[in-house]
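Inspection log for the structure reproduced underneath, given as structure tokens.
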Amino acid sequence: MTDSARRTWRFDTVETPEREIYLLLQHLSGELIHELATLLKPSGITPEQYHVLRVLRDAGATGTQLSTIAERSPAGDPDVTRLLDRLEQRGLATRTRDAADRRVVTARITTEGRRLLGRLEAPVAALHARQLGPLGDRGLRDLRRLLHEAAAVGPVV
């Protein structure tokens, strides 16, 4: 996405600091995901599918259960079954049912899935470096700490 195509942050009403930060995070999240989607589009996968492939690669040869994939989703509880349907159709992942407990489904990345992640590794890293690198090491450390603190608050009931 070119800088001229970026949505600019415009918010002219007076808000509490918490509300303004919430809106800024929503805006930034949308921009980051849109840029990743644009980068991944020629490869035929979505940011959600990319994340699932990363989870499967990290799981190694033993694979991982679908529930673990859902737990590791940055977007909440995605439709893992639908995501894996598409990855399987492309030959990027496989699923097997546990022989002892047929309710347990384990997913694994395929060789082709590993190849695709290998091709995407440098471009995705460069995108993230361009997106967040200007914050510098200290800014990234501070932002990470603050976001972890905010995430630790947990759901508001």
Side-chain angles (χ1 to χ4, degrees), residues 1-2 5-7 9 18-19 21-133 135 140-157:
M1 173 186 241
T2 63
R6 289 184 71 102
R7 293 180 305 139
W9 171 252
E18 294 87 357
R19 175 75 178 155
I21 289 168
Y22 169 81
L23 293 169
L24 277 164
L25 286 170
Q26 286 289 100
H27 173 80
L28 178 60
S29 175
E31 290 298 313
L32 296 174
I33 292 168
H34 177 78
E35 288 182 356
L36 180 60
T38 300
L39 179 102
L40 295 173
K41 189 172 184 172
S43 298
I45 63 170
T46 65
E48 294 82 8
Q49 291 167 338
Y50 175 77
H51 181 72
V52 168
L53 287 174
R54 299 269 315 235
V55 169
L56 294 178
R57 183 188 64 192
D58 292 348
T62 58
T64 191
Q65 292 182 16
L66 272 55
S67 59
T68 302
I69 296 169
E71 290 168 4
R72 291 195 55 197
S73 170
D77 188 18
D79 185 351
V80 176
T81 301
R82 180 184 53 80
L83 290 170
L84 280 167
D85 285 346
R86 292 192 177 134
L87 292 172
E88 275 190 309
Q89 288 168 0
R90 297 258 332 266
L92 302 173
T94 62
R95 280 179 286 198
T96 55
R97 290 200 179 273
D98 185 84
D101 185 350
R102 303 263 313 141
R103 295 171 296 176
V104 176
V105 178
T106 300
R108 292 175 183 80
I109 192 169
T110 64
T111 301
E112 186 54 37
R114 286 185 196 287
R115 279 191 205 116
L116 177 60
L117 284 182
R119 289 191 303 270
L120 292 170
E121 189 169 344
V124 170
L127 173 66
H128 293 326
R130 184 187 60 72
Q131 291 171 323
L132 300 170
L135 297 176
L140 289 170
R141 240 186 349 269
D142 290 346
L143 181 59
R144 180 186 308 116
R145 178 183 53 77
L146 291 168
L147 290 172
H148 276 283
E149 286 178 23
V153 171
V156 178
V157 185

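Index from 1, following the sequence.
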N/O donor-acceptor pair under 3.5 Å between Thr106 side chain and Gly63 backbone: no
Between CD on residue Glu31 and CG on residue Leu36, distance to nearest 0.5 Å: 13.0 Å
Side-chain contact test, heavy atoms from C-beta onward, threshold under 4.5 Å: evaluate it for Asp85 versus Arg95 and give yes or no. yes
For residues 53-69, pull every pair meeting salt bridge (Lys or Arg N to Asp or Glu O under 4.0 Å), keeping only residues two or more places apart or in separate chains. Asp58-Arg72
To the nearest 0.5 angstrom, please state how far the NZ atom of Lys41 sits from the CG atom of Leu39. 12.5 Å
Name all residues meeting the side chain to side chain donor-acceptor pair (under 3.5 Å) criterion together with Gln89; count only those two or more places apart in sequence or in a different chain, and write none if there are none. none
Hits for side chain to side chain donor-acceptor pair (under 3.5 Å) against Thr96, two or more places apart or cross-chain, chain-then-number order -> Arg108
Report the distance from atom CG of Leu83 to atom NE2 of His51, rounding to the nearest 0.5 Å. 10.0 Å
Quick check for you: to the nearest 0.5 Å, what is the distance between Leu87 atom CG and Arg82 atom CZ? 10.0 Å
Please evaluate residues Val105 and Thr81 with respect to the criterion side-chain contact (heavy atoms from CB on, under 4.5 Å), reporting the C-alpha separation (whole Å), side-chain torsions for both, the decisive distance (0.1 Å), and the verdict. CA-CA 10 Å; Val105 178; Thr81 301; over 6 Å; no
To the nearest 0.5 Å, atom CG of Leu28 lies from atom CD1 of Ile21 at 12.5 Å
Is there a donor-acceptor contact under 3.5 Å from the side chain of Thr38 to the main chain of His34? yes
What I'd like to find out is whether the side chain of Arg145 reaches to under 4.5 Å of the side chain of Arg141, using heavy atoms alone. no
In terms of heavy-atom contacts, Leu56 and Ala93 come closest through CD1-CB, 3.8 Å
Do the non-hydrogen side-chain atoms of Arg90 and Gln49 ever get within less than 4.5 Å of each other? no
Least distance between heavy atoms, Leu92 atom then Ile45 atom: CD1-CG2, 4.0 Å
Salt bridge (charged side-chain N to carboxylate O under 4.0 Å, His left out) filter on Arg119, not counting sequence neighbours, yields Glu112
Supply the atom-to-atom distance Arg19 CZ to Leu24 CG, rounded to the nearest 0.5 angstrom. 11.0 Å
Which residues pass the side chain to side chain donor-acceptor pair (under 3.5 Å) test with Glu121, not counting sequence neighbours? none
Scan side-chain atoms only and decide if His128 and Gln131 contain a donor-acceptor pair under the 3.5 Å cut-off. yes
Run the side chain to side chain donor-acceptor pair (under 3.5 Å) test against Asp142 and tell me which residues pass, sequence neighbours left out. none
Which atoms form the tightest heavy-atom contact between Leu53 and Ile109, and what is the distance? O-CD1, 3.7 Å
